[in-house]
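Some notes on the structure that comes next.
Here is how names work: the chains are called A, B, and so on, in the same order as the sequence lines, proteins then strands, and each is numbered from 1. In what follows, every heavy atom counts, from backbone to side chain, and hydrogens, waters and symmetry copies are set aside.
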2 protein chains.
Amino acid sequence: MLLLYRNGWPICVKRRIESIVVKCYYDYEQSFAHEKQTLEDIKQTDCAENGVNEMNNNSGNDKTMTIHDVARELGVSASTVSRAISGKGRIGAATRDRILAYIEEHGFYPNAAAQSLAQSRTNNIAIILPEVNTLVDMPFFHTCMYGVEEVAQANDYDIIVVTTNGNDTKPLERLIKNRKVDGMILTRTYENDKYVKFLKQKQIPFVAVGKFPDDDVVQVDHDNVGACKEMVTVLFAKGIQNIAYLGSNMDQMVNRCRYQGYEEAYRKGKRKLNQDLVYTDLSSRAMVEKAVEELKKSGVECILCQDDYICDEVVRKLARMGVRIPDQMKVASCHYSRILENYPVTITSLKFNITELGRRSCQVLLDMIHGKTVPDKTLLDYEIILKESTKG
Amino acid sequence: MLLLYRNGWPICVKRRIESIVVKCYYDYEQSFAHEKQTLEDIKQTDCAENGVNEMNNNSGNDKTMTIHDVARELGVSASTVSRAISGKGRIGAATRDRILAYIEEHGFYPNAAAQSLAQSRTNNIAIILPEVNTLVDMPFFHTCMYGVEEVAQANDYDIIVVTTNGNDTKPLERLIKNRKVDGMILTRTYENDKYVKFLKQKQIPFVAVGKFPDDDVVQVDHDNVGACKEMVTVLFAKGIQNIAYLGSNMDQMVNRCRYQGYEEAYRKGKRKLNQDLVYTDLSSRAMVEKAVEELKKSGVECILCQDDYICDEVVRKLARMGVRIPDQMKVASCHYSRILENYPVTITSLKFNITELGRRSCQVLLDMIHGKTVPDKTLLDYEIILKESTKG
DNA sequence: CTGAAAGCGCTTACAG
DNA sequence: CTGAAAGCGCTTACAG
């Protein structure tokens, strides 16, 4: 630790210039009362400035430096330092650079709470996660969160994560009324979403990940309808005559969209959709298995699965039945994840970039917060990955 | 919207009593300059108080109420309101209850930034997540995060999530120096952890999830050593003569612990550990498969897998080899997750409660933040789940 | 038990 | 281009 000497006494300059604190280096018992001095004194002591620099520099536990400290060191006012940091207001280039250099060198970070209070903005956004615990759902939200975090981080925002049961609005209310966040991202919305209503009423900037029926809600989603439509169209083009659809829960918007795309492809191809080939309420493994058995008997050529959770069960069931993919049954999934990587046969699927979904959601939210106009709906791209499972 | 009338004019009381703002209800064009009035005026207007109450009550977008607003409404000082809310300092029970009731009724929440600034505490903690994208790792961190969030939430703390590459300390540094968090939870630590070093130096309260070699780091973990030791001991007790061990990465502390438990059980049982039965560097599926083949030839009775990712591959490989579990080979895993649910045969495994791990970590951190003394190491319980895969 | 006042560390009109 | 001062909305000794 570098010491600062005055009149032969070791002293340590802390915090505010008005309170020079004498520290116990040696001769602890002696009185250092005479060391009290004013700003003027210090300014006239040529060694002082260097001393202070060094102190702030190498002490891991230095008491928080403030904007005033750097102002004093540099002989400017706090206002000027503030301007240099924020880039707002007129400031001389030379002054700015000098201040910025000092700040960089000494690792000064402004107190977030003080900034918040003065500017009524927190540089925090909340991301609302549902309580999920299935291996299919978890990766989606986790990956999405990563994307959000990445963009937030890059813009000097932090994300506050709150998990909810989809019903209790208290946690959101607290966050908003406490002014802890500038905006919110809802990662799952429901038909009649309480949170959406609440946030609209509070006039808080927020975006919904996924499709939402309400038009005045800013949403970011993959083009599930278009993707499924194209997937089915491609399969038709490959000469497949009929394609069955296996889905689980039509309450969730994403599932609706996928089924809708499937339907539209049939219409577009001017083919008749046989409702016997459609299952949209498979809520258990047993039901999936039964469906697969029925479909095999019906002689359908291809099974399109709403997601890879269902696809996983379909593939396993077919294996147990001794049905070879793709020779005896073709299979495709509307969603790719690593679950699909563990089969002997590779699976044709749609591929969505979930991280990108998170990134874009965050970007849109930040734009809203900063008062830019944003598109009501942002639709992200998809890939169709054709693999062995639909070959032939 | 309830209107407040004065002299026959509709007016709307906003925010601070000093700035009565006239709103455009009707007769918009007329000048309302004469409506400007002072605090005193309002106090003498008997209808005023009710008016204000109603306004704050039913307007979704009322400008933030402050402690002064409620103080004024109740005829007390801001200090008193603060005391009622915080519960600190002496305050009359009657006054307190009156204030609390008012606050409850009008949904007043104190501004978090102002509280932060005044008290130098944020009521935020950070949870540091590694960048992972495997189906095995993701659920762990996600589930752990849920646990942390649950306890944080219950204590009126919010969690700021930051994902890191394990190397760059800038994000942590920003969070700390900006004073955005009161403490941190590291969900994955490495042998020579940069973050740990950094946090120790900064003297920030933090806890490490999982075992960490350094003794002066507060850690919360499952008793992996004890659990594996007991698992192996139980298997021995069931009459199994030799047990192979399949693991992947000895860099991670958790894997070390599990292997250590395995070893200790051998020692405790006074059995000779044949190193041919031990694989601790299986970094690919091919290597696992080769190991399984070798072990089958060696005539070993049981395979203990470091985690269910390895177990998954073992089970599949055995199936492909036509080896029946448990008749021809017994299998157990040192970690249970839903991955293990999809087999025709149920798998014996250790079961750790990851959510609880998160909860406890958070609890310990909060205790540290609040200046309580906490145990250096908190070891959580485990369950041994005996299933078909080791029967007989 | 309660209130007036100073302070937390920034920002931002305002005046020069 | 720069500084002094007021303000953001709380908390907390201090005095009564």
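- Using a 4.0 Å heavy-atom distance criterion, B:Ser116 is classed as making no nucleic acid contact.
- Listed nucleotides: D:dC1, D:dA13, C:dG9. Nearest to the side chain of B:Arg83: D:dA13.
- Of the candidate nucleotides D:dC1, D:dC14, D:dG3, D:dG3 has the atom nearest to the side chain of A:Thr80.
- When only modelled atom types and interatomic distance are considered, B:Glu149 and B:Gln153 share a side-chain donor-acceptor pair under 3.5 Å.
- Comparing C:dC1, C:dC14, C:dA4 by their closest approach to the side chain of B:Arg90 singles out C:dC1.
- The side chain of A:Pro110 approaches C:dC10 more closely than any other nucleotide in the set D:dT2, D:dG9, C:dC10.
- When distances are taken from the side chain of A:Thr66 to each of C:dC10, D:dT12, D:dG3, the shortest belongs to C:dC10.
- Among the heavy atoms of the strands, none lies under 4.0 Å from A:Ser86.
- The base-pairing partner of C:dG3, taking Watson-Crick or G-U wobble contacts with both distances under 3.5 Å, is D:dC14.
- Heavy-atom nearest nucleotides on DNA chain C were determined for A:Ala118 and for B:Ser120, and the one closer to the 5' end corresponds to B:Ser120.
- The side chain of A:His68 sits closest to C:dC10 out of D:dT11, C:dC10, D:dT2.
- The distance between atom CD1 of B:Ile85 and atom P of C:dT2, rounded to the nearest whole Å, is 15 Å.
- A side-chain donor-acceptor contact under 3.5 Å links A:Ser77 and A:Thr80.
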Show your working on side chain to side chain contact (heavy atoms under 4.5 Å, CB included) between B:Ile128 and B:Leu172 and close with a plain yes or no.
CA-CA 9 Å; B:Ile128 316 297; B:Leu172 302 214; 3.5 Å; yes
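- Nearest-nucleotide assignment on DNA chain C puts the 5′-proximal partner with B:Ser77, out of A:Ser79 and B:Ser77.
- Across D:dA6 and D:dT2, the matching P atoms stand 23 Å from one another, rounded to whole Å.
- The listed nucleotides are C:dT11, D:dG3, D:dG9; the one nearest the side chain of A:Gln119 is C:dT11.
- Here C:dT12 presents its P atom at 14 Å from CD1 of A:Ile91, a figure rounded to the nearest Å.
- The one candidate from A:Asp182, A:Leu365, A:Val148, A:Asn124 that meets the side chain to side chain contact (heavy atoms under 4.5 Å, CB included) condition with A:Tyr157 is A:Asp182.
- Of the charged side-chain nitrogens involved, at least one lies within less than 4.0 Å of a carboxylate oxygen, so that A:Asp156 and B:Arg174 count as a salt-bridged pair.
- Taking atom P on both C:dA5 and C:dC1, the two are 23 Å apart, rounded to the nearest angstrom.
- D:dT12 sits 16 Å from D:dG16 when the C1' atoms are compared, rounded to a whole Å.
- Contact annotation: side chain of A:Arg179 to base of D:dG9, donor-acceptor pair absent below 3.5 Å.
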